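Working notes for the structure below.
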Amino acid sequence: MANYSKIAIIGAGVSGLAAAKQLRHHNPVVFEASDSIGGIWKSCSYNSTKLQSHRIDYEFTDFPWPNRDDPGFPSYTEILDYLESYAKHFDVFKCVRFNSKVVEVRFTGSLETTDSGGNLLPAGHPVWEVAVQTHNSNSIQWYGFEFLVVCTGKYGDVPIIPAFPNNKGPEVFEGQVLHSIDYCKLDKEAASQLLKDKKVAVVGFKKSAIDLAKECAESNQGPEGQPCTMIVRTTHWTVPHYRIWGLPFFMFYSTRFSQFLHGSPNQSLLRTLLCLLLSPLRRGVSKFIESYLLWKLPLLKYGLKPDHPFEEDYASCQMAIMPEGFFSEAEKGKIVFKRASKWWFWKGGLEFEDNTKLEADVVILCSGYDGKKKLKAFLPEPFQSLLEHPSGLMPLYRGTIHPLIPNMAFVGYIESVSNLHTAELRSIWLSRLIDDKFKLPSAEKMLEQTSKEMEVMRQSTRFYKRHCISTFSINHSDEICEEMGWNAWRKRNWLLEAFSPYSSKDYEDEE
């Protein structure tokens, strides 16, 4: 084995940087497969990609934006600059090894020596061997570590490609088919040339599909310009900005009172009864927001009104900001919509279950990513199988520790109103755990807690498999702070920094 260190971090995106900063006193080794930091902000961003929240809602609590009072949404390049400044300020770059892809890990410890929490804390000897491929070479270097922190994330790298009947897949199509991740790799000129004067079909109606359709429309403004057709299976609520009938959006979901209307794990019988009694108010809040969105946006005109309540999209972290000018392009006929639950290819384009056909030159799939498949590419059995759960979610205690996988943590696998804050707090929690500042409960109690959280999510939204804690994020943070021994004053200060007025989620997409 080439080298032995205490902690390895896999991935240098937002979560990896947060973990590296909090664990930097252990001199961790950060393996990053690409040649830069930033994760999906670097690999899965279009030229028009922007953050979906204001700067002050997407900053580390100890590293403010230089222009944090700017009311606009920062572009992905500004976010990358901010992350680079953060890494430089806290000297994280010294830990990062670029162009180093983890291709395999092996557990060499003994499962029989785990503590009551099922998680071996660092004991002075390596229990994980990590195989790393550098610069796309054929040679593999092995390293030994006491603890692994996996920060590869749920998005990017492994696209989900829909399955098609025989002879009805991309192979019969005479045009070009690509996934949104392939489109992200194009520079501005190449992207424009791909779309310009072409009949383009964009499959999906989440943030990446909406942004891509807008770029497509902008590339087809000339007399030869063709409309972009969005293939919409499931509609989701979008918002034009963070004010609802003149009221700031945070009032509805990001205060202790507003979250009191929603269920949370470990709530008392009294609170359960109050949630039940106040459920009409909770539904009324959702209807209030829906009324504004239907007034502000032409959702009914284009058949884009979702069949589910707004609160279900918020509870599953699927609320998206509609880019400015999107419906103006639809008014001009540059963006059109086709509702379809089933579709397939024919040589000239796409065919639908109603026997209609759409001619296309380019088909772009905004169908999301397979985060579990990405993990299974290097994680060995029996740990691979432990990632599966009947609910479809990864059973992670505090969104970080699998009770039955020793000496391993996962950061960046749950979503909330701000994924950056979620990753930062869990990195702090993990650092204090590794430093033996507190003890984990038994594996049974951890599994019981994760089951409670999954049940809350399942009851909140039909889209619960996204593992989103947005409706009980303050309660979740409270419990984490208390568990790692923060006093009330310190907990209060952190929560005030993290839960600022205009809450939203980070840029991401999954069909």
Side-chain angles (χ1 to χ4, degrees), residues 52-54 56-58 61 236-296 306 308-321 399 414-422 425 452-453 455-464 466-482 488 491-506:
Q52 291 200 94
S53 54
H54 300 288
I56 58 174
D57 303 308
Y58 195 85
T61 53
H236 292 279
W237 292 98
T238 56
V239 297
H241 45 68
Y242 289 119
R243 297 195 76 83
I244 304 295
W245 295 119
L247 299 174
F249 184 84
F250 81 91
M251 290 177 55
F252 301 106
Y253 290 105
S254 296
T255 65
R256 288 190 181 275
F257 175 75
S258 61
Q259 292 200 2
F260 188 81
L261 301 178
H262 299 264
S264 64
N266 305 314
Q267 65 185 16
S268 65
L269 177 60
L270 177 60
R271 179 170 175 180
T272 300
L273 292 174
L274 286 173
C275 283
L276 182 62
L277 290 173
L278 295 174
S279 58
L281 178 57
R282 187 185 69 242
R283 291 192 292 269
V285 168
S286 185
K287 289 291 184 183
F288 182 75
I289 296 172
E290 291 166 29
S291 69
Y292 177 77
L293 299 179
L294 293 173
W295 172 77
K296 186 69 174 179
H308 54 271
F310 174 85
E311 67 176 339
E312 289 200 37
D313 273 342
Y314 186 83
S316 56
C317 295
Q318 294 190 102
M319 185 190 75
I321 288 287
I414 61 171
E415 300 179 47
S416 72
V417 293
S418 175
N419 290 343
L420 181 146
H421 291 147
T422 302
L425 181 56
K452 289 178 180 178
E453 292 178 7
E455 181 59 22
V456 169
M457 288 182 270
R458 189 189 65 79
Q459 293 181 3
S460 300
T461 174
R462 70 197 69 187
F463 309 111
Y464 65 92
R466 295 176 61 86
H467 207 154
C468 173
I469 62 170
S470 64
T471 59
F472 60 96
S473 56
I474 297 176
N475 172 269
H476 205 267
S477 297
D478 281 344
E479 292 185 352
I480 285 180
C481 290
E482 291 168 5
K491 179 181 75 172
R492 174 184 176 274
N493 287 342
W494 194 92
L495 291 172
L496 285 175
E497 288 288 335
F499 293 96
S500 50
Y502 300 96
S503 56
S504 174
K505 70 179 181 60
D506 310 345

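If you're wondering where the values come from, they're calculated on a predicted model, not measured in any experiment.
The pair Arg458-Glu455 meets the salt-bridge criterion, with a side-chain N (NZ, NE, NH1 or NH2) lying under 4.0 Å from an Asp/Glu carboxylate O.
Side chains of Gln52 and Tyr58 form no contact here, defined as non-hydrogen atoms less than 4.5 Å apart. Thr238 places none of its side-chain heavy atoms less than 4.5 Å from the side chain of Ile321.
Here CE of Met457 is found 10.5 Å from CD of Glu415. Values are rounded to the nearest 0.5 Å. With rounding to the nearest 0.5 Å, the separation of CG in Leu293 from CE in Met319 is 9.5 Å. For the atom pair Met251 CE and Phe257 CZ, the distance stands at 10.0 Å (nearest 0.5 Å). Atom-to-atom distance recorded for Leu277:CG and Leu261:CG is 11.5 Å, nearest 0.5 angstrom. Summarising the geometry, atom OG belonging to Ser416 is positioned 11.0 Å from atom CD1 belonging to Ile474; distances are rounded to the nearest 0.5 Å. Ile56 CD1 to Ser418 OG: the interatomic distance, rounded to the nearest 0.5 Å, is 11.0 Å.
The side chain to side chain donor-acceptor pair (under 3.5 Å) search around His476 returns Arg426, Glu453, not counting sequence neighbours.
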Test log, rule side-chain contact (heavy atoms from CB on, under 4.5 Å), inputs Arg283 and Glu311: CA-CA 8 Å; Arg283 291 192 292 269; Glu311 67 176 339; 4.2 Å; yes
Phe250 and Asp57: side-chain contact (heavy atoms from CB on, under 4.5 Å), yes or no, with the steps? CA-CA 11 Å; Phe250 81 91; Asp57 303 308; over 6 Å; no
Test Phe260 against Asn475 for side-chain contact (heavy atoms from CB on, under 4.5 Å), laying out the working first. CA-CA 9 Å; Phe260 188 81; Asn475 172 269; over 6 Å; no
After noting the C-alpha distance and the side-chain angles of Tyr464 and Thr461, does the key distance pass the side-chain contact (heavy atoms from CB on, under 4.5 Å) rule? CA-CA 5 Å; Tyr464 65 92; Thr461 174; 4.2 Å; yes
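Between the side chains of Ser316 and Glu312, no donor N or O sits under 3.5 Å from an acceptor N or O. The closest side-chain donor-acceptor pair between Ser473 and Gln259 falls under 3.5 angstrom.
Here the side chain of Thr471 pairs no donor or acceptor atom with the backbone of Ala315 at under 3.5 angstrom. Within the 3.5 Å criterion, the main-chain N or O of Gln267 finds no donor-acceptor partner in the side chain of Ser264. Using a distance-only test at 3.5 Å, with no hydrogens or angles considered, a donor-acceptor pair links the side chain of Glu290 to the main chain of Phe310.
Ring geometry, His54 versus Tyr242: the interplanar angle exceeds 60°, so the pair is classed perpendicular (tilted spans 30 to 60°).
Contact between Arg462 and Pro309 at its shortest, heavy atoms only, is NH2-CD, 4.1 Å. Closest heavy-atom contact between Leu425 and Cys481: CD1-SG, 4.2 Å. The minimum heavy-atom distance between Ser254 and Ser258, with the atom names listed, is N-OG, 3.3 Å. Closest approach of Cys275 to Arg282, counting heavy atoms only: O-NH1, 4.1 Å. The two residues Ser470 and Tyr314 make their nearest non-hydrogen contact at OG-O, 2.6 Å. Closest heavy-atom contact between His262 and Arg271: O-NH2, 3.1 Å.
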